[in-house]
S.K.: 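This is the structure, below, for whatever I ask next.
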Amino acid sequence: DIRIMDYIYNFKFFIFLIFYIIFIFRIINFYKLNRLKNKSKSNNNEKDNNIKISIIIPIRNEEKNILYILNDLTNQTYNNFEIIIIDDNSEDRSEVVIKDYIINYNINFSNYYLNNNIKISYYKLNYNLEVFKNWQGKSAACYYGTLFALNDFLLFIDADVRLEKDALEYIIKNYKKDSILTIQPYHYTKKFYEQFSMYFNIIAFIGMDLGKIINTNKTKNGLFGPFIFLPKEIYYKTNGHLNVKEYIIEDIMLGKFFVNLGYEIISIPHLKKIKYRMYPNGFKDLINGWIKNISLGALKTSVWVFLIITSFIAFSTSITLNLLSSIFSLNLKNILVSILFYSIFSFINFYSFNFIGSFKFISLIIFPIHLFLFLLIFIISFIMKIFRIPVNWKNRKILIK
């Protein structure tokens, strides 16, 4: 019966709409309505100033990024920290670039310099150690870096992250004692192809189950790998990355590991103080990067969050199909109504998505292309996972686990 089918279709559309509203509310609530105040203005709180941090930067082929993050760190308003760079067998000029940087700051022969209480160290990841047998990648570099950490707090940060001058001050002022803090950096873009990370970034945020009315900043669904801050005592007590050494995408599983042990994970808005530019080396790099990332995150989230994400995807698809159907029907009224819904959907997304990244309005107008790419990469990554097909990432073949 056509009427029954229409009723079922309209009911589905209504359900998708409800979940879409929840989806958008989560983003706006976390970034706009969140009561978290920017406490990064300088003060004389002696307790805060005594927090000493070991910043660990795992790198592999980061000659184009490493100088930016080093300059950002050495120009922070808060400088009670050390920097530990762990080189995971880079095949580019990363080592040369870092050592030149050290020389320019009058480094001594111990491979570090002291300036404003900052110590910078550079080490190559030593795979000859027993603990690193059958273990490679970012988690190994992070773990190795902790072996040299001298301070009471650890900050794991990716080389492609950029920091405003008061970023560390902002983190310290908003850190909750005995918790683990993680931040999704603001994703800024320069080239148009980088816009195609839009759906992935948005869904990565929702996948962390943030933006709820209650416990807005708490998550049990993992960590944002580019920025993780925690007490060294917690890391040493739990052996940290050693527990997720078999995973290439270690941040999701590491976060769940900490939660299972009873630790609280807090995420705060980036306030554009913590940023990154993802996959600046070309569209192929973007595709390989998201193939590597997407399947694990989607399959490891909660049922509720999975419903929100799939409903958003379904609603996006429905909006697109309604527009196409009305155009093919040549019914002017249907076309105008479909264009109206399509436009409203695009405007709402443009407003909310730009809390997470610098996404252009044209990208929101052509969102069906982004949606198609997301679904295609999800299918490809799932197939590669099932059939154990390695993906090429930074000149290294890795399996999606």
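Note that this is a predicted model, so its numbers are computed, not measured.
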S.K.: Tell me whether the count of non-hydrogen atoms from other residues, nucleotides or ligands lying under 6.0 Å of CZ in Phe192 goes above 12.
M.R.: yes
S.K.: With a 3.5 Å cut-off and sequence neighbours excluded, list the donor-acceptor pairs that the side chains of residues 305-315 form with protein atoms.
M.R.:
from   : atom 1 : to     : atom 2 : distance (Å)
Thr310 : OG1    : Phe306 : O      : 2.8
Thr310 : OG1    : Leu307 : O      : 3.1
Ser311 : OG     : Leu307 : O      : 2.8

S.K.: Tell me whether Asp92 is salt-bridged to Lys64, with the criterion being a basic N under 4.0 Å from an acidic carboxylate O.
M.R.: no
S.K.: Do Tyr144 and Asp87 have a side chain donor and acceptor closer than 3.5 Å?
M.R.: no
S.K.: Taking atom types as modelled, is there a side-chain donor on Asn65 or Arg162 under 3.5 Å from an acceptor on the other?
M.R.: yes
S.K.: Is it true that Lys99 and Glu95 have a side-chain N and a carboxylate O under 4.0 angstrom from each other?
M.R.: yes
S.K.: Looking at Asp166 and Lys273, is any side-chain nitrogen of the basic one under 4.0 Å from a carboxylate oxygen of the acidic one?
M.R.: yes
S.K.: Distance check, rounded to the nearest 0.5 Å: Ile157 atom CD1 versus Leu73 atom CG?
M.R.: 5.5 Å
S.K.: Report yes if the distance between the aromatic ring centroids of Phe355 and Phe205 is under 6.0 Å, otherwise no.
M.R.: no
S.K.: What distance separates Ile51 CD1 from Leu168 CG, expressed to the nearest 0.5 Å?
M.R.: 11.0 Å
S.K.: Taking 4.0 angstrom as the limit, do Lys245 and Glu250 come out as a salt bridge?
M.R.: no
S.K.: Among side-chain atoms of Asn349 and Tyr20, is any donor-acceptor pair under 3.5 angstrom?
M.R.: yes
S.K.: Mind checking the OG-CD1 spacing from Ser325 to Ile335? Nearest 0.5 Å is all I need.
M.R.: 10.0 Å
S.K.: Could you please spell out the steps behind the ring-ring contact (aromatic ring centres under 6.0 Å, His included) verdict for Phe196 and Trp290?
M.R.: CA-CA 10 Å; Phe196 287 103; Trp290 284 116; over 10 Å; no
S.K.: Is it true that, when you exclude Phe361 itself, more than 12 heavy atoms of the residues, nucleotides or ligands shown sit nearer than 6.0 Å to its CZ?
M.R.: yes
S.K.: What's the spacing between Met198 CE and Phe200 CZ if we round to 0.5 Å?
M.R.: 10.0 Å
S.K.: Using a 6.0 Å cut-off, check whether atom OH of Tyr68 has over 12 heavy atoms from anything other than its own residue.
M.R.: no
S.K.: Any chance you could measure Leu223, atom CG, to Gln184, atom CD, to the nearest 0.5 Å?
M.R.: 12.5 Å
S.K.: ring-ring contact (aromatic ring centres under 6.0 Å, His included) for Phe345 and Phe367? Distances and angles first, verdict last.
M.R.: CA-CA 10 Å; Phe345 182 74; Phe367 74 82; 4.9 Å; yes
S.K.: Identify whether the distance between the nearest side-chain nitrogen and carboxylate oxygen of Glu164 and Lys275 falls below 4.0 Å.
M.R.: yes
S.K.: Show the numbers, then the answer: is there a ring-ring contact (aromatic ring centres under 6.0 Å, His included) between Phe227 and His270?
M.R.: CA-CA 10 Å; Phe227 200 100; His270 51 67; over 10 Å; no
S.K.: A quick test of your reading: do over 12 heavy atoms of other residues, nucleotides or ligands sit less than 6.0 Å from CD1 of Ile213?
M.R.: no
S.K.: Donor-acceptor check, side chain of Lys138 to backbone of Gly225, threshold 3.5 angstrom: yes or no?
M.R.: yes
S.K.: When rounded to the nearest 0.5 angstrom, what is the spacing between CD1 in Ile274 and OH in Tyr170?
M.R.: 6.5 Å
S.K.: Quick one: does Phe374's side chain get under 4.5 Å of Ile202's, heavy atoms only?
M.R.: no
S.K.: Where do Tyr101 and Tyr122 land on the ring-ring contact (aromatic ring centres under 6.0 Å, His included) test, with the steps shown first?
M.R.: CA-CA 11 Å; Tyr101 184 90; Tyr122 170 79; over 10 Å; no
S.K.: Salt bridge (Lys or Arg N to Asp or Glu O under 4.0 Å): which pairs involve residues 22-34, sequence neighbours left out?
M.R.: Arg26-Asp209
S.K.: What residue among Phe347, Phe350, Tyr351 forms side chain to side chain contact (heavy atoms under 4.5 Å, CB included) with Leu364?
M.R.: Phe350
S.K.: Side chains of Ser316 and Tyr199: do they bring a donor and an acceptor to under 3.5 Å?
M.R.: yes
